[in-house]
Amino acid sequence: MRHLFLLALTALFTAAAPAAAQDTEARWSIAIHGGAGTLDPDAMTPARRAAYEAALQNALDAGARVLAAGGSATDAVKAAIVPLEDEPLFNAGRGAVFTWEGENELDASIMDGRDRSAGAVTGVKSIKNPILLADTVRTDSPHVFLTGAGAEEFAAEHGIETAPPEWFATEPRRESLERMKAQELSSLDVDHKFGTVGAVALDMQGNLAAGTSTGGMTGKRWGRVGDSPVVGAGTYADNRACAVSATGWGEYFIRVGVAHEICSRLRFLRSTNWLTLGNRRVPSGETQAISQLAADAVMNEVKELGGDGGVILVTPEGHALYSFNTTGMYRARATSEGVNEVAIFADE
Ligand code: ASP
């Protein structure tokens with residue numbers, strides 16, 4: 001027993017080997033989200049539902065096309081997130097929520113699981129697609145995280161597309177801010193759901209990537225930053241474990257370090273075949289069950305602290321999974337094995 005314990009400890013503190021080579025032919029997989037929250041089935045008209053489903057399918061297809069053509073996981077993540085940022089239904093890019101001062105301040109992050117390179121921006125106001133700026137921070141700067149005016153200056157130097165304030169501002173989001181102020185409501189009361197967008201992908205080279213983009217929460221002030229641009233909280237990718245993108249009440253996701261926490265549990269479990277998760281012994285080949293349990297356990301911690309929301313994840317084997325503690329999450333997934341699904345409510 002002592003011997004086994006020492007073996008496990010050695011595995012824990014030694015960098016695990018890169019993900020094992022795929023045992024079948026190269027596969028790819030992608031999952032996306034457009035936010036989680038308290039979704040009311042009665043308020044969802046057929047037309048509204050169709051609009052959400054079409055937007056999710058469109059983004060999923062854009063990411064899946066990149067992967068099916070042999071493209072990289074990071075390119076697939078960007079390809080899926082850009083149309084979601086451009087779609088006013090979601091709280092990212094165009095359609096972002098308003099700050100207390102009546103502006104749209106955008107956050108985004110992206111991570112490549114191959115080398116754990118990461119890029120993030122927060123508080124930008126003129127960047128049409130913040131996910132593209134975050135990726136340029138990753139590839140073309142010596143830094144990981146840029147804020148506000150400095151991030152915009154970096155964007156200008158790198159020819160990143162900008163848009164005027166009117167591009168981002170939409171009437172429903174402005175009304176939410178006004179209602180929040182007039183009725184002294186919290187952002188949770190007026191948002192009902194978190195409309196952040198994200199994507200996670202596994203490419204045919206076996207690399208993982210994750211990305212997240214958001215406007216944050218309605219009425220945010222004092223330079224508030226949520227989890228979405230925080231690497232380890234809203235976004236994390238590590239080829240040895242998984243790729244995760246989160247949506248939810250950001251303060252709780254930061255406190256739990258959700259995305260990194262899920263990945264580190266999986267990395268640990270993968271590096272030691274005999275470990276159990278909680279009280280349940282998980283047979284070593286059942287990677288899907290292990291991954292789902294790890295994500296559910298971390299989301300439970302968020303719930304225990306009082307937070308809500310959800311995550312999407314993709315594993316090195318190509319499992320595309322969700323875990324959320326809300327009544328719904330706008331989500332979709334596709335794999336080279338023929339999975340192609342869009343879903344909204346929890347029971348779908
Ligand atoms: N997590 C985001 C934040 O706290 C909100 C969201 O998911 O919509 O900024």
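First listed ligand is number 1; within each ligand, the first listed atom is number 1. Here, residue 1 is the first one in the sequence, and each next residue gets the next number.
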request  = Evaluate whether atom CD of Glu153 has more than 12 neighbouring non-hydrogen atoms of other residues, nucleotides or ligands under 6.0 angstrom away.
outcome  = no
query = Going by distance only, is there an N or O of Glu251 that falls short of 3.5 Å from an N or O of ligand 1?
reply = no
query = Touching ligand 1 at all, Gly35? Heavy atoms, strictly under 4.0 Å?
reply = no
query = Which bit of His33 gets closer than 4.0 Å to ligand 1, counting heavy atoms only: side chain, backbone, both or neither?
reply = neither
Using a 4.0 Å cutoff against the non-hydrogen atoms of [X], which atoms of ligand 1 qualify?
X      : result
Ser228 : 1 (N), 2 (C)
Thr247 : 6 (C), 7 (O), 8 (O)
Gly195 : 8 (O)

ask   = Any donor-acceptor pair under 3.5 Å linking the side chain of Asp203 with the backbone of Ala73?
value = yes
message = Test your reading of the model: is there a side-chain donor-acceptor pair from Glu85 to the backbone of Ile131, 3.5 Å cut-off?
response = yes
Identify which of [options] has a heavy atom lying nearest to [atom].
atom                   : options                        : answer
atom 1 (N) of ligand 1 : Thr214, Asp227, Thr196         : Asp227
atom 2 (C) of ligand 1 : Gly216, Gly248, Gly250, Gly226 : Gly248
atom 9 (O) of ligand 1 : Met217, Lys220, Arg224         : Arg224

request  = Check the angle between the aromatic planes of Tyr52 and Tyr330 and answer parallel, tilted or perpendicular using the 30° and 60° thresholds.
outcome  = parallel
ask   = Below 4.5 Å, heavy atoms only, C-beta onward: do Ile127 and Val121 meet side chain to side chain?
value = no
ask   = Can you find a pair of side-chain heavy atoms, one from Asn340 and one from Leu60, that are under 4.5 Å apart?
value = yes
query = Salt-bridged, Arg224 to Glu251, with N to O below 4.0 Å?
reply = yes
